[in-house]
Amino acid sequence: MSTTTATPSAAVEPIFNTKPRGLWSTALRRLFHRRSAIIGMIILGSLILIAIFAPVLATHDPTKSLIGIEDVQKRAAPCIHLLGCPADQPQHFFGLDGNVRDLYSRILYGSRLSLMVGIISVGFAIVIGATLGAISGYMGGYTDNLVMGFMDILLAFPSLILAIAIVTVLGPGLINTLLAIGIVSIPVYARIMRSSVLSIKQQDYVMADRSIGVPSGRILFGNILPNALTPLVVQGTLGIAVAILDAAALSFLGLGAQPPTPEWGSMIGQERNQVFTAPHLIIFPGIALILTVLGFNLLGDGLRDALDVRQRS
Amino acid sequence: MLAIPVLIGILFITFVLNRLIPGDPCRAMLGEKATDEVCDAFFKRYGLDQPMIVQFGYYLGRVVTGDLGDSMRFGRPVTDMLMERLPVTIELALLSLLVATIVGVILGVVAAYWQNSPVDLFTMIFANLGVSIPVFVLGLLSAYLFAVILKDTPFSLPPSGRLTAGVRVQPIAVAWGMEDLSGLPRGLLDFFSQMYVINGAVTLNWKLFSDASRHLILPVIVLSTIPMSVIARMTRSSLLEVMNLDYMRTARAKGLNERNVVFRHAMRNALLPVVTVVGLSLGGLLSGAVLTETIFGLTGVGRTMFDAISSRDYGVIQGFTLVIAFTYVAVNLLVDVSYAVLDPRIRLS
């Protein structure tokens, strides 16, 4: 007769009394422990607030010239009363541009455009790219070769050059810029999605679904996609920074947002020959662009570390 | 070769983009008043009355023979314009890549060697800012700094152009006393003659060399900032990863000093991913060249692209896009090959 000592259940005390955390809440905790990520979030948070409250914060109409309204000269330097500018002169925090418009108000409104351009074009690229990549990775075979072959061709162009070529065909304008940058960014997301899908496809839980006859579409969108999301989120955040830079460059070249739209790149492009006489017209929109791009870059790097995404090629 | 379908794909895309351009190519070329008969003849002559696929065949044939069409604005073959302006961009891009690689690797190694020190922090701040500054903002601000603020100091630098007025440029062939050279060798020498820094160096024309170099300092700084930052970050993280591997512990355990461990054992392996980044930077450099050349008034490929965009000179846009994409593919191929040369594991498998 064997003596079995029943383990008293009371002895199995949980070591930690906390509930296991999910991927996202762990990531968020790690994110808040990284200095650079916090700086990125602060920058982006302020930027979003500025974009929302631009009408409240702005002192002037961003597209309206002040000729005949105020006694001011075009491209006048900043005038801030608190910093010693004579009180009889009208106050303009960042000075005036070549069309006698208040630069400060234009820059505030510009934040709306840059955020919009970055988020919409990357969103567009992620939706199309991820779908193509997912289908490509899941189906394999000819579909895979065809889709990825096309993506390789798109990747063979330097991104700004291809965007320029596309905008030349579509015609200049903000919407076409969005579209061009979106198209140019598609291959990156398609590749990431495909490699995620390829590795997840082999997992047991997908096999299990397949063997009980769950339709392909539901496996792909219900089980595989949610698990492939992390690298997309990281790349998407960094991609917004690139998209904003490219859009600003296109506007700088005169292909993107058209005047009088207060877009940072086009503001700099219009006044680029005045850099030696009125540097504030380059410096202020320039700083706005740098901070925005920096914010997305810092947040993206932080997310990558927090979510522990290894570069999958 | 995997590159061949990609090249054909690039040709196809530039072809399609060109066909999608709104407007009538005949009237764009010959003027609004061209009659229908004239235009019919025009379409026949350029094969535009044929089905698309046949047109693509014609286009392929023309490109293979080096005919990229004509510039509508200048009425010159695009190929001629390329031969004249490509050297300017190649010189600028190669110098920038060289500076970016050398400085980037040094910064990355320094940051990794003294990890978490103020030097590391400073380098990483620089690298983060470097990838966030738009090329055109950096270009305009550095022009302002060096041409206006530092105007009367020894640090003053010219903000635009390739040479100071009055500095003479001789074709290399002439300087070497080989005027009667013709054909391909002459063509090559003329191509290199357009690279003023190289021209000045090989013809021992010190004045040309120093003046051309001075004009290139700002564009090179501007163009190299982004790849430099990327390379510095890559070098740092790659070196840090390698430093924790087993064979590094072995190297330390057998008593090698830290400097030898880092430079002899870690560097060789850490630099492999850096080679990829250096190669991939070229795409960014070519994109950046459009902006840099526009700002600094250098008549290279980028500046010509910008002018062509402004004047809707489609032939030039198409031809230049094609050449840039081909260059990019060629460089990527070169990177793949160099990877195999550097890494025995890839070579032998």
Side-chain angles (χ1 to χ4, degrees), chain A residues 36 39-40 149-150 152-172 238 241-242 244-246 248-250 252-255 264-265 268-269 271-277 279 281-283 285-287 289-298 301 311 313, chain B residues 2-3 5-10 12-14 16-22 124 128-129 131-141 143-144 147-149 159 233 273 282-288 290-291 294-295 302 305-306 308-310 312 314 317-318 320-321 324-329 332:
Chain A
S36 58
I39 299 176
F150 188 63
D152 281 345
I153 293 169
L154 282 186
L155 273 180
F157 292 89
S159 65
L160 188 63
I161 304 281
L162 183 57
I164 287 175
I166 295 175
V167 180
T168 328
V169 172
L170 298 176
L238 294 169
V242 178
I244 291 175
L245 278 180
D246 280 355
L250 284 173
F252 173 80
L253 294 172
L255 290 171
W264 296 333
I268 297 174
E271 302 289 352
R272 70 188 178 89
N273 293 326
Q274 263 63 48
V275 65
F276 301 124
T277 49
L281 295 178
I282 310 296
I283 293 173
I287 291 176
L289 262 173
I290 295 170
L291 281 178
T292 309
V293 175
L294 186 67
F296 279 108
N297 273 335
L298 290 177
D301 281 346
Q311 285 280 318
S313 52
Chain B
L2 229 129
V6 172
L7 289 184
I8 294 177
I10 291 173
F12 187 68
I13 287 191
T14 41
V16 169
L17 283 176
N18 195 44
R19 284 296 170 280
L20 289 177
I21 287 169
M124 285 304 106
N128 268 316
L129 276 177
V131 289
S132 305
I133 295 185
V135 172
F136 52 92
V137 172
L138 184 64
L140 290 170
L141 292 183
Y144 176 66
V148 177
I149 296 183
R233 277 163 60 146
L282 204 92
L285 278 181
L286 293 171
S287 297
V290 177
L291 299 162
T294 305
I295 289 166
M305 271 287 264
F306 174 72
I309 296 164
S310 317
R312 305 272 172 277
Y314 297 120
I317 300 179
Q318 187 191 23
F320 279 43
T321 308
I324 291 174
F326 268 39
T327 319
Y328 194 34
V329 172
N332 281 342

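Numbers restart at 1 for each chain; the letters A, B, ... are given by sequence-line order, proteins then strands.
Looking at every heavy atom in both residues, B/Gly9 comes nearest to A/Ile153 through CA-CD1, 3.4 Å. The two atoms that bring B/Tyr144 and A/Val275 nearest to each other are CD1-O, 3.3 Å, heavy atoms only. Taking every heavy atom of both residues into account, A/Asp301 and B/Arg233 meet most closely at OD2-NH2, 2.8 Å. Residues B/Val329 and A/Ala156 share a closest heavy-atom pair of CG2-CB, 3.7 Å. In this structure, A/Leu245 and B/Ile133 approach most closely via the heavy-atom pair CD2-C, 4.4 Å. Closest non-hydrogen pair, B/Tyr328 versus A/Leu155, comes out as CE2-O, 3.5 Å.
Here CG of A/Leu253 is found 9.5 Å from CE of B/Met305. Values are rounded to the nearest 0.5 Å. If you take CG on B/Leu17 and CD1 on A/Ile164, they are separated by 12.5 Å, rounding to the nearest 0.5 Å. Expressed to the nearest 0.5 Å, how far CG of B/Asn128 lies from CD1 of A/Ile290 amounts to 13.0 Å. To the nearest 0.5 Å, atom CD of residue A/Glu271 and atom CG of residue B/Leu140 are 11.0 Å apart. Here B/Ile13 contributes atom CD1 and A/Phe150 contributes atom CZ; the two are 4.5 Å apart, rounded to the nearest 0.5 Å. The CZ atom of A/Phe157 lies 5.5 Å from the OG1 atom of B/Thr14; values are rounded to the nearest 0.5 Å.
Your options are A/Ile282, A/Leu294, A/Leu170, A/Leu289, and the one with the most heavy-atom pairs under 4.5 Å with chain B is A/Leu294. Here A/Val293 is the residue among A/Ile287, A/Val293, A/Asp246 with the most heavy-atom pairs under 4.5 Å with chain B. Most heavy-atom pairs under 4.5 Å with chain A: of the set B/Ile149, B/Val135, B/Val148, B/Leu138, this distinction falls to B/Val148.
Partner of B/Ile317 under the side chain to side chain contact (heavy atoms under 4.5 Å, CB included) criterion, out of A/Thr168, A/Val169, A/Ile161: A/Thr168 alone.
Not a single ring pair (Phe, Tyr, Trp, His ring centres under 6.0 Å) links A/Phe276 to another residue, sequence neighbours left out.
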Exercise for the section: Output, in order, the C-alpha distance, side-chain angles, deciding distance and verdict of side-chain contact (heavy atoms from CB on, under 4.5 Å) for A/Phe252 and B/Val290. Expected result: CA-CA 11 Å; A/Phe252 173 80; B/Val290 177; over 6 Å; no
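Interface remark: B/Leu129 contributes backbone and side-chain atoms alike to the contact with chain A (heavy atom separation under 4.5 Å). Only the side chain of A/Leu255 comes within less than 4.5 Å of a heavy atom of chain B; its backbone N, CA, C and O stay farther away. Interface residue A/Leu298: only side-chain heavy atoms are found under 4.5 Å from chain B. In this structure, chain B has heavy atoms under 4.5 Å from both the backbone and the side chain of A/Ala249. Residue contact with chain B, scored on non-hydrogen atoms closer than 4.5 Å, involves the side chain of A/Pro172 exclusively. In this structure, chain A has heavy atoms under 4.5 Å from both the backbone and the side chain of B/Ala143.
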